[in-house]
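Counting begins at 1 with the first residue of the sequence. Keep in mind that the numbers below use all heavy atoms, side chains included, and drop hydrogens, waters and symmetry copies.
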Amino acid sequence: MSAINTFFRWYFSRNALPYWGVLIFDSFVVLFSGLVCYGLDHGPVSTYHNFWPLLGTLFFYLIFFIIGFRVTRIYSGVLRYSSFADLYRIGLANLIGLSCVVILRWFFHADDYLVPIRTKELIFMGILATAIMAAIRVMVKFMYERVLDSTTHRAAFIYGVRTGGIALAKGLHVSDPVRFTLKGFVSDADDMVGHTLQGVRVYKNDGDLIATMKQMKVTALLVSPLKRDRLLENQDMVNNLLDAGIGIYMSDIAQKWDGKSDLGANTLHEVQIEDLLPREEIQVDLQAVEELLRGQRILITGSAGSIGSEMVRQIAKFQPSEMILVDEAETPQHDIRLMMAGQHPDVPAETIVTSITNQSRMEQIFRSHRPDFVFHAAAYKHVPMMEDNPSEAVFNNIYGTRVIADLSVKYGVKKFVMISTDKAVNPTNVMGCSKRICEIYCQSLNQAILDGVVKGQTQFVTTRFGNVLGSNGSVIPLFREQIKNGGPVTVTHPNIIRYFMLIPEACKLVLEAGTMGKGGEIFVFDMGKPVKIAELARRMILLSGAINVEVKFTGLRDGEKLYEEVLNDQEITKPTFNKKIKIAQVREYDYAEACQAIDQLLELSLQYDDMETVRQMKQIVPEYKSQHSKYETLDKAQ
């Protein structure tokens, strides 16, 4: 038995048998079946005496069987991945060949020139050939699964017993390579528990499930596309699976699955932390957005950043007449240039390396390109860095925004969309306050245009949202790097929570809110349920399979909140065209007063006196109360 196993291990370690090899083998089976059936009917002596003429006759008949092979392409399949569909095609191929032979003998009297073979012998020959071909394929498939199960396949349960689960089960055997061996199904309903599907038992999704999976040495749970949301809602089940070291696999094409085709193992990926964060699917009317942006000139600041680059990718699909992409980071901006040239060569794109605070350069860009829409994503965003450098936060975030906003009015931009942050609500840090002042300036400028104080047509829209997954400097890339290095994973506080959204989802909401807004609004996004960062770190460690990696609490950083808010205490919201987007009703500022306060702030920032700069920021935004920061003394002095 060990010799057989060794042979099959050698065979299965090779590439699949070439199609001509399968064709030769199937042809040999047809010849062999013909000789056997003739011999059984005529006896060995007659067969011996007529052997060579008989073989010539069978070779002639084989031509018609090969026609059947060609029609059904049974030789193109990989034997180790044979399915019932392959067995059906084998029968059909031999039936086509046999029918051609019978027609030949009936209408053209072929027996006058060839060795006479009775019709019943031909029929049994077709049946025997079909049986041998099918048996060989079943045996190869069985040996492949039996021999390699223990070394290359992971024992798996499938979560879901309806259409999606069955599609997964059928697809497992035809994937190349086969990664999983099905050991059972998991059902939430009692009516299927104890029954057999695809040759394995259905188990109840209850408190005993993990113990059952461990007992059967199951190390993977494959999730039906129809069960994905149900699993993510059941956080206890997710935690129990991860604690037990059982991998969770979902389909990459779940969103596009037609409900009919099989889902092979090659469509599955082991879940990442992004898959397990609780969030609802976001629906956006991108067709309406496309109608507005198609053929327009679009300027995007911060085009090389996490949000800006995704805005570039999404807007490029709408076929704008020109894209003007501005960022001061040379290397990432070069990557954006290569991406546009490779993926959207038909969209004219100007990639410019400069700072938004370079007023003369920005004016030259506006004068030359005359953008219709401006998406302003450029900003300094890291809270600890801005706590230490408040003058830079003022100059880059506030002055830079003012430069772009004023030029947008001067050169007739239709709409200016500013990307803000939830840290602007009741700010506790310099970065959040700087973004709130940007909001104040844009809103007051929009109202000044409406009141006729400022001549222009630009509509100013602000969008606020929280953390985006995978953005530069976010916790998830940091945690991955810390886990890779053996830990510890650093979390500032055991109770700190944050809202998360995928970058593409956030950008779609920005596009819809920005283009649908009428001007003056601050749109806030429903970020879903908050996530405890300590739990996020623990899950990432479990998903990575790392051992002995601890979570270390380091204390809140300067200006850091335990939780982020989306609205000010005095603000309320109104519904909009999208249930995930609301309009914040905020305190209004007079444009002249806002300009005067910001002018004073800019003058102070150029003195690089941190305390005086922040003091003026607190004058403009009274709700700005510092936390875990040296600037708390300013609050106590008031």
With sequence neighbours left out, write down each residue that passes side chain to side chain contact (heavy atoms under 4.5 Å, CB included) with [X], or none if nothing qualifies.
{"X": "Ala592", "answer": "Asp590"}
{"X": "Glu535", "answer": "Asn239, Lys532, Arg538, Arg539"}
{"X": "Glu550", "answer": "Pro488"}
{"X": "Gln600", "answer": "Gln596, Gln616"}

Listing request: all salt bridge (charged side-chain N to carboxylate O under 4.0 Å, His left out) pairs with a residue in [range], at least two apart in sequence or in separate chains.
{"range": "residues 439-450", "answer": "Arg436-Glu439, Glu439-Arg464"}
{"range": "residues 368-383", "answer": "Arg297-Asp372"}
{"range": "residues 440-462", "answer": "none"}
{"range": "residues 391-400", "answer": "none"}

Val383 vs Val430, side-chain contact (heavy atoms from CB on, under 4.5 Å): CA-CA, chis, key distance, verdict: CA-CA 7 Å; Val383 170; Val430 169; over 6 Å; no
Please report the shortest heavy-atom distance between [X] and [Y], naming the atom on each side.
{"X": "Val409", "Y": "Gly456", "answer": "CG1-CA, 4.0 Å"}
{"X": "Val394", "Y": "Leu601", "answer": "CG1-CG, 3.8 Å"}
{"X": "Phe523", "Y": "Ile581", "answer": "CD2-CG2, 3.5 Å"}
{"X": "Thr458", "Y": "Gly412", "answer": "OG1-C, 4.5 Å"}

Looking only at side chains, do [X] and [Y] share a donor and an acceptor under 3.5 Å apart?
{"X": "Glu322", "Y": "His369", "answer": "yes"}
{"X": "Ser629", "Y": "Glu387", "answer": "yes"}
{"X": "Gln364", "Y": "Arg367", "answer": "no"}
{"X": "Thr354", "Y": "Glu328", "answer": "no"}
{"X": "Ser626", "Y": "Lys618", "answer": "yes"}

Say whether, by atom type as modelled, one donor and one acceptor occur between the side chain of [X] and the main chain of [Y] under 3.5 angstrom.
{"X": "Gln459", "Y": "Lys518", "result": "yes"}
{"X": "Gln482", "Y": "Gly487", "result": "no"}
{"X": "Ser391", "Y": "Ser605", "result": "yes"}
{"X": "Glu521", "Y": "Val461", "result": "no"}
{"X": "Ser321", "Y": "Gly295", "result": "yes"}
{"X": "Lys435", "Y": "Ile419", "result": "yes"}
{"X": "Asn446", "Y": "Cys442", "result": "no"}
{"X": "Tyr441", "Y": "Ala405", "result": "no"}
{"X": "Asp327", "Y": "Ala304", "result": "yes"}

Those residues that, when tested against Thr331, pass side-chain hydrogen bond (donor to acceptor under 3.5 Å, both in side chains) (two or more places apart):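 Testing Thr331 for side-chain hydrogen bond (donor to acceptor under 3.5 Å, both in side chains), a comparison that skips the adjacent residues, returns none.
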Partner set under side-chain hydrogen bond (donor to acceptor under 3.5 Å, both in side chains) for Tyr380, not counting sequence neighbours: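 Tyr380: no side-chain hydrogen bond (donor to acceptor under 3.5 Å, both in side chains) contacts found.
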Row check, Tyr159 ring normal vs Lys227 NZ/CZ: under 6.0 Å, within 45°: yes
Side-chain donor-acceptor distances from residues 312-320 under 3.5 Å, at least two apart:
unit_1, atom_1, unit_2, atom_2, d
Arg313, NH1, Ser309, O, 3.4
Arg313, NH1, Ser309, OG, 3.4
Gln314, NE2, Glu310, OE2, 2.9
Gln314, NE2, Pro504, O, 3.1
Gln319, NE2, Asp346, OD2, 3.1

Spatial distance of atom CD1 (Ile352) from atom OG (Ser368) [nearest 0.5 Å]: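 Rounded to the nearest 0.5 Å, the CD1-OG separation comes out at 8.5 Å.
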Lys484 atom NZ, over 12 foreign heavy atoms within 6.0 Å: no
Side chain to side chain donor-acceptor pair (under 3.5 Å) contacts in which one or both residues fall within residues 394-403, not counting sequence neighbours: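 Residue pairs passing side chain to side chain donor-acceptor pair (under 3.5 Å), neighbours aside: His376-Thr401, Asn397-Ser434, Arg402-Asp599.
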